[in-house]
Amino acid sequence: MTTVPIPADWPTTEDEARAVQDELRARVVLDEPGPPPGTGHVTGVDVAYDDARDVVAAAAVVLDAATLDVVAEATAVGRISFPYVPGLLAFREIPTVLAALDALPRPPGLVVCDGYGLAHPRRFGLASHLGVLTGLPTIGVAKNPFTFTYDAPAAERGASAPLLADTEEVGRALRTRTGVKPVFVSVGHRTTLPTACAHTLALTPAYRLPETTRRADALCRRALREAVGPGAEHPAPPHQD
DNA sequence: GCGACAG
DNA sequence: ATCTTGTCGC
(Lines give C-alpha, C1' and ligand atoms only; values in the text may rest on other atoms or scores of the structure.)
Protein backbone atom coordinates (compact mmCIF):
# COMPACT_ATOMS: atom_id res chain seq x y z
CA MET A 1 0.00 0.00 0.00
CA THR A 2 1.28 3.46 -0.86
CA THR A 3 0.35 6.90 0.51
CA VAL A 4 -0.54 9.66 -1.94
CA PRO A 5 -0.14 13.43 -1.71
CA ILE A 6 -2.70 15.61 -3.49
CA PRO A 7 -0.90 17.18 -6.50
CA ALA A 8 0.14 20.78 -5.85
CA ASP A 9 -1.67 21.94 -8.99
CA TRP A 10 -4.90 20.06 -8.29
CA PRO A 11 -8.04 22.15 -8.94
CA THR A 12 -9.59 23.82 -5.91
CA THR A 13 -12.82 25.18 -7.33
CA GLU A 14 -15.51 23.73 -9.55
CA ASP A 15 -14.72 26.28 -12.25
CA GLU A 16 -11.06 25.24 -12.30
CA ALA A 17 -12.01 21.58 -12.49
CA ARG A 18 -14.40 22.18 -15.39
CA ALA A 19 -11.68 24.13 -17.19
CA VAL A 20 -9.32 21.17 -16.81
CA GLN A 21 -11.95 18.88 -18.34
CA ASP A 22 -12.50 21.25 -21.25
CA GLU A 23 -8.75 21.33 -21.84
CA LEU A 24 -8.04 17.60 -21.58
CA ARG A 25 -11.07 16.49 -23.56
CA ALA A 26 -9.24 17.11 -26.84
CA ARG A 27 -6.76 14.36 -25.97
CA VAL A 28 -9.29 11.54 -25.82
CA VAL A 29 -8.74 8.91 -28.54
CA LEU A 30 -11.95 7.35 -29.85
CA ASP A 31 -10.81 5.75 -33.11
CA GLU A 32 -8.89 2.75 -31.78
CA PRO A 33 -10.61 -0.62 -31.53
CA GLY A 34 -8.94 -1.43 -28.22
CA PRO A 35 -7.80 -4.83 -26.94
CA PRO A 36 -10.01 -7.80 -27.91
CA PRO A 37 -12.13 -9.16 -25.03
CA GLY A 38 -10.89 -12.35 -23.40
CA THR A 39 -7.21 -11.71 -24.11
CA GLY A 40 -4.42 -10.23 -22.04
CA HIS A 41 -5.12 -8.43 -18.80
CA VAL A 42 -8.05 -6.37 -17.55
CA THR A 43 -7.83 -4.16 -14.47
CA GLY A 44 -10.59 -2.91 -12.19
CA VAL A 45 -10.19 0.28 -10.17
CA ASP A 46 -12.42 1.56 -7.37
CA VAL A 47 -12.32 3.95 -4.44
CA ALA A 48 -13.81 4.01 -0.91
CA TYR A 49 -14.14 7.03 1.37
CA ASP A 50 -14.26 8.04 5.00
CA ASP A 51 -15.28 11.68 4.64
CA ALA A 52 -15.36 12.31 8.38
CA ARG A 53 -11.71 11.29 8.72
CA ASP A 54 -10.71 12.70 5.33
CA VAL A 55 -9.35 9.40 4.09
CA VAL A 56 -9.68 7.82 0.67
CA ALA A 57 -8.50 4.34 -0.36
CA ALA A 58 -8.14 3.10 -3.93
CA ALA A 59 -7.57 -0.36 -5.30
CA ALA A 60 -6.43 -1.74 -8.66
CA VAL A 61 -6.95 -5.44 -9.37
CA VAL A 62 -5.51 -7.08 -12.48
CA LEU A 63 -7.38 -10.08 -13.88
CA ASP A 64 -6.43 -12.55 -16.56
CA ALA A 65 -9.05 -11.66 -19.16
CA ALA A 66 -9.53 -15.28 -20.23
CA THR A 67 -9.92 -16.94 -16.82
CA LEU A 68 -10.82 -13.89 -14.66
CA ASP A 69 -8.21 -15.05 -12.15
CA VAL A 70 -6.56 -12.30 -10.09
CA VAL A 71 -2.96 -11.91 -11.20
CA ALA A 72 -1.98 -8.73 -9.32
CA GLU A 73 -3.39 -6.11 -6.98
CA ALA A 74 -2.35 -2.86 -5.34
CA THR A 75 -3.85 -0.22 -3.05
CA ALA A 76 -3.15 3.39 -2.15
CA VAL A 77 -4.52 5.76 0.49
CA GLY A 78 -4.60 9.54 0.70
CA ARG A 79 -6.57 12.60 1.74
CA ILE A 80 -9.80 13.43 -0.07
CA SER A 81 -8.80 15.68 -2.99
CA PHE A 82 -12.18 17.14 -4.00
CA PRO A 83 -15.80 17.11 -2.77
CA TYR A 84 -18.33 14.99 -4.59
CA VAL A 85 -19.87 17.11 -7.32
CA PRO A 86 -21.86 15.38 -10.08
CA GLY A 87 -19.79 15.76 -13.23
CA LEU A 88 -16.54 16.23 -11.30
CA LEU A 89 -16.15 12.77 -9.82
CA ALA A 90 -12.75 12.29 -11.42
CA PHE A 91 -11.19 15.00 -9.25
CA ARG A 92 -12.20 13.05 -6.17
CA GLU A 93 -10.90 9.67 -7.33
CA ILE A 94 -7.99 10.12 -9.70
CA PRO A 95 -4.94 10.92 -7.52
CA THR A 96 -5.41 7.81 -5.41
CA VAL A 97 -6.36 5.61 -8.35
CA LEU A 98 -3.24 6.70 -10.24
CA ALA A 99 -1.11 5.76 -7.24
CA ALA A 100 -2.71 2.32 -7.03
CA LEU A 101 -2.11 1.75 -10.75
CA ASP A 102 1.50 2.90 -10.38
CA ALA A 103 1.99 0.41 -7.57
CA LEU A 104 1.02 -2.56 -9.76
CA PRO A 105 3.90 -4.91 -10.59
CA ARG A 106 2.70 -5.35 -14.19
CA PRO A 107 0.91 -3.37 -16.92
CA PRO A 108 -2.86 -3.05 -16.33
CA GLY A 109 -4.07 -3.64 -19.88
CA LEU A 110 -7.62 -2.33 -20.30
CA VAL A 111 -8.86 -0.42 -17.23
CA VAL A 112 -12.50 -0.74 -16.15
CA CYS A 113 -13.76 2.25 -14.15
CA ASP A 114 -16.71 2.45 -11.79
CA GLY A 115 -18.49 5.39 -13.45
CA TYR A 116 -18.64 7.02 -16.85
CA GLY A 117 -16.41 7.97 -19.75
CA LEU A 118 -18.06 9.71 -22.70
CA ALA A 119 -21.42 9.63 -20.94
CA HIS A 120 -20.75 12.86 -19.09
CA PRO A 121 -22.12 16.42 -19.19
CA ARG A 122 -18.95 17.58 -20.99
CA ARG A 123 -18.16 14.16 -22.51
CA PHE A 124 -15.17 13.70 -20.19
CA GLY A 125 -16.01 11.42 -17.28
CA LEU A 126 -13.73 9.52 -14.94
CA ALA A 127 -12.84 6.82 -17.48
CA SER A 128 -11.94 9.42 -20.13
CA HIS A 129 -9.85 11.40 -17.66
CA LEU A 130 -8.00 8.36 -16.35
CA GLY A 131 -7.33 7.21 -19.90
CA VAL A 132 -5.88 10.54 -20.97
CA LEU A 133 -3.63 10.76 -17.90
CA THR A 134 -2.30 7.19 -18.22
CA GLY A 135 -2.51 6.58 -21.96
CA LEU A 136 -4.24 3.26 -21.19
CA PRO A 137 -7.40 1.98 -22.88
CA THR A 138 -10.30 2.57 -20.46
CA ILE A 139 -14.04 1.98 -20.26
CA GLY A 140 -16.67 3.09 -17.76
CA VAL A 141 -19.30 0.77 -16.32
CA ALA A 142 -21.77 2.61 -14.09
CA LYS A 143 -24.62 1.36 -11.92
CA ASN A 144 -26.92 4.33 -12.59
CA PRO A 145 -27.99 6.24 -15.71
CA PHE A 146 -26.95 9.61 -14.23
CA THR A 147 -28.86 12.28 -16.19
CA PHE A 148 -29.17 10.19 -19.32
CA THR A 149 -32.20 8.40 -20.72
CA TYR A 150 -32.74 4.98 -22.20
CA ASP A 151 -35.46 2.57 -23.21
CA ALA A 152 -35.48 -0.71 -21.34
CA PRO A 153 -33.43 -3.32 -23.22
CA ALA A 154 -34.92 -6.79 -23.78
CA ALA A 155 -34.85 -8.96 -20.67
CA GLU A 156 -32.11 -11.36 -21.79
CA ARG A 157 -28.47 -11.02 -20.80
CA GLY A 158 -26.61 -9.34 -23.66
CA ALA A 159 -29.51 -7.11 -24.70
CA SER A 160 -28.79 -3.39 -24.84
CA ALA A 161 -30.31 -0.02 -25.67
CA PRO A 162 -28.72 3.33 -26.45
CA LEU A 163 -27.92 5.61 -23.52
CA LEU A 164 -28.96 9.01 -24.74
CA ALA A 165 -28.07 12.62 -24.08
CA ASP A 166 -30.99 14.09 -25.97
CA THR A 167 -30.51 12.36 -29.31
CA GLU A 168 -26.79 11.62 -28.99
CA GLU A 169 -25.74 8.08 -28.07
CA VAL A 170 -23.16 8.45 -25.28
CA GLY A 171 -23.16 4.83 -24.14
CA ARG A 172 -25.34 1.76 -23.80
CA ALA A 173 -27.66 0.33 -21.17
CA LEU A 174 -26.42 -3.26 -21.21
CA ARG A 175 -28.17 -6.20 -19.56
CA THR A 176 -25.52 -8.39 -17.94
CA ARG A 177 -28.03 -10.66 -16.14
CA THR A 178 -31.37 -11.76 -17.51
CA GLY A 179 -34.20 -9.94 -15.79
CA VAL A 180 -31.89 -7.66 -13.79
CA LYS A 181 -31.39 -3.89 -14.11
CA PRO A 182 -28.80 -3.11 -16.81
CA VAL A 183 -25.40 -1.51 -16.30
CA PHE A 184 -24.42 1.66 -18.15
CA VAL A 185 -21.37 1.29 -20.37
CA SER A 186 -19.46 4.11 -22.03
CA VAL A 187 -16.15 4.51 -23.80
CA GLY A 188 -13.23 6.02 -21.93
CA HIS A 189 -10.08 6.17 -24.06
CA ARG A 190 -8.61 4.18 -26.94
CA THR A 191 -11.52 1.81 -27.45
CA THR A 192 -14.98 1.67 -29.01
CA LEU A 193 -18.46 1.17 -27.62
CA PRO A 194 -18.96 -2.33 -29.11
CA THR A 195 -15.62 -3.41 -27.65
CA ALA A 196 -16.50 -1.87 -24.29
CA CYS A 197 -19.79 -3.78 -24.22
CA ALA A 198 -18.08 -7.03 -25.24
CA HIS A 199 -15.57 -6.63 -22.40
CA THR A 200 -18.38 -5.94 -19.98
CA LEU A 201 -20.17 -9.14 -20.98
CA ALA A 202 -16.93 -11.12 -20.77
CA LEU A 203 -16.46 -9.80 -17.23
CA THR A 204 -19.95 -10.73 -16.01
CA PRO A 205 -20.24 -14.53 -15.97
CA ALA A 206 -22.12 -14.57 -12.66
CA TYR A 207 -23.10 -11.11 -11.36
CA ARG A 208 -24.52 -7.86 -12.67
CA LEU A 209 -21.28 -5.95 -12.14
CA PRO A 210 -17.96 -6.83 -13.81
CA GLU A 211 -15.60 -9.03 -11.82
CA THR A 212 -13.04 -6.25 -12.11
CA THR A 213 -15.15 -3.73 -10.20
CA ARG A 214 -16.33 -6.37 -7.71
CA ARG A 215 -12.75 -7.28 -6.84
CA ALA A 216 -11.59 -3.66 -6.76
CA ASP A 217 -14.57 -2.66 -4.60
CA ALA A 218 -13.87 -5.38 -2.05
CA LEU A 219 -10.16 -4.53 -1.96
CA CYS A 220 -10.50 -0.75 -1.58
CA ARG A 221 -13.02 -1.22 1.25
CA ARG A 222 -10.61 -3.50 3.04
CA ALA A 223 -7.78 -0.99 2.47
CA LEU A 224 -9.97 1.78 3.93
CA ARG A 225 -10.84 -0.31 7.01
CA GLU A 226 -7.17 -1.04 7.57
CA ALA A 227 -6.25 2.63 7.10
CA VAL A 228 -8.76 4.01 9.62
CA GLY A 229 -9.56 1.01 11.77
CA PRO A 230 -7.94 -0.25 14.96
CA GLY A 231 -4.17 -0.54 14.66
CA ALA A 232 -3.91 2.17 11.98
CA GLU A 233 -0.93 4.49 12.15
CA HIS A 234 -1.68 8.01 13.31
CA PRO A 235 0.33 10.87 11.80
CA ALA A 236 2.46 12.85 14.22
CA PRO A 237 0.31 15.78 15.44
CA PRO A 238 1.65 19.01 13.92
CA HIS A 239 2.71 21.65 16.45
CA GLN A 240 4.68 24.91 16.82
CA ASP A 241 7.38 25.69 19.42
C1' DG B 1 -35.07 29.77 -8.64
C1' DC B 2 -35.72 24.51 -7.86
C1' DG B 3 -34.70 19.76 -8.44
C1' DA B 4 -31.69 16.00 -10.29
C1' DC B 5 -27.42 14.28 -10.44
C1' DA B 6 -21.55 8.72 -11.84
C1' DG B 7 -19.32 7.77 -6.71
C1' DA C 1 -20.10 6.87 -1.54
C1' DT C 2 -22.14 5.76 3.31
C1' DC C 3 -25.55 4.86 7.34
C1' DT C 4 -27.45 -0.64 8.38
C1' DT C 5 -30.69 -6.51 10.07
C1' DG C 6 -33.25 -9.17 8.66
C1' DT C 7 -35.68 -11.10 5.11
C1' DC C 8 -38.05 -12.71 0.81
C1' DG C 9 -36.95 -15.58 -3.10
C1' DC C 10 -34.50 -18.55 -6.58
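All heavy atoms count here, side chains included; hydrogens, waters and symmetry mates do not. Proteins get letters first, then strands, A, B, ... in listed order; numbering begins at 1 in each. Note that the structure is predicted; figures quoted are calculated from it, not measured.
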| query | Starting at the 5' end of DNA chain C, what dot-bracket string do you get if Watson-Crick and G-U pairs under 3.5 Å are bracketed, crossing pairs use [ ], other-strand pairs use | and unpaired bases use dots? | reply | ..........
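- Across the protein-nucleic acid pair, Arg92(A) atom CZ and dT2(C) atom P stand 10 Å apart, rounded to whole Å.
- Taken from CG in Leu89(A) to NE2 in His129(A), the straight-line distance is 11.0 Å, to the nearest 0.5 Å.
- For the side chain to side chain donor-acceptor pair (under 3.5 Å) with Thr204(A), the qualifying choice from Arg157(A), Arg177(A), Arg214(A) is Arg157(A), the only one to do so.
- In the displayed structure, Arg123(A) atom CZ is contacted under 6.0 Å by more than 12 heavy atoms of other residues, nucleotides or ligands.
- Side-chain contact check for Val4(A) versus Val77(A): every heavy-atom pair is 4.5 Å or farther apart.
- A chain of hydrophobic side-chain contacts below 4.5 Å, direct or via other Ile, Leu, Val, Met, Phe, Trp or Tyr residues, connects Val47(A) to Leu98(A).
- Heavy atoms of Leu163(A) sit nowhere under 4.0 angstrom from any nucleic acid atom.
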| said: Tyr150(A) vs Leu164(A), test: side chain to side chain contact (heavy atoms under 4.5 Å, CB included). Steps then yes/no. | reply: CA-CA 6 Å; Tyr150(A) 66 102; Leu164(A) 299 174; over 6 Å; no
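- Within 4.0 Å of Gly87(A), counting heavy atoms only, lies at least one base atom of the nucleic acid.
- Exactly one of Tyr49(A), Trp10(A), Phe91(A) qualifies for a ring pair (Phe, Tyr, Trp, His ring centres under 6.0 Å) with Phe82(A). That residue is Phe91(A).
- When DNA chain B is scanned in the 5' to 3' direction for atoms under 4.0 Å from non-hydrogen atoms of chain A, the outermost contacting nucleotides are dC5(B) to dG7(B).
- The CG-P distance, from Asp51(A) to dC3(C), rounds to 10 Å in whole Å.
- Atom CZ in Arg225(A) sits roughly 14 Å away from atom C1' in dT2(C) (whole-Å rounding).
- Distance Tyr84(A) OH to dT2(C) P: 13 Å, rounded to the nearest Å.
- Heavy atoms from other residues, nucleotides or ligands lying under 6.0 Å from CZ of Arg79(A) number 12 at most.
- Atom CG in Asp54(A) sits about 15 Å away from atom P in dT2(C), given to the nearest Å.
- Distance Asn144(A) CG to dT2(C) P: 14 Å, rounded to the nearest Å.
- Residue contacts shown for Ala48(A) are limited to sugar-phosphate atoms, with no base heavy atom under 4.0 Å away.
- No side-chain heavy atom of Val61(A) sits under 4.5 Å from any side-chain heavy atom of Thr212(A).
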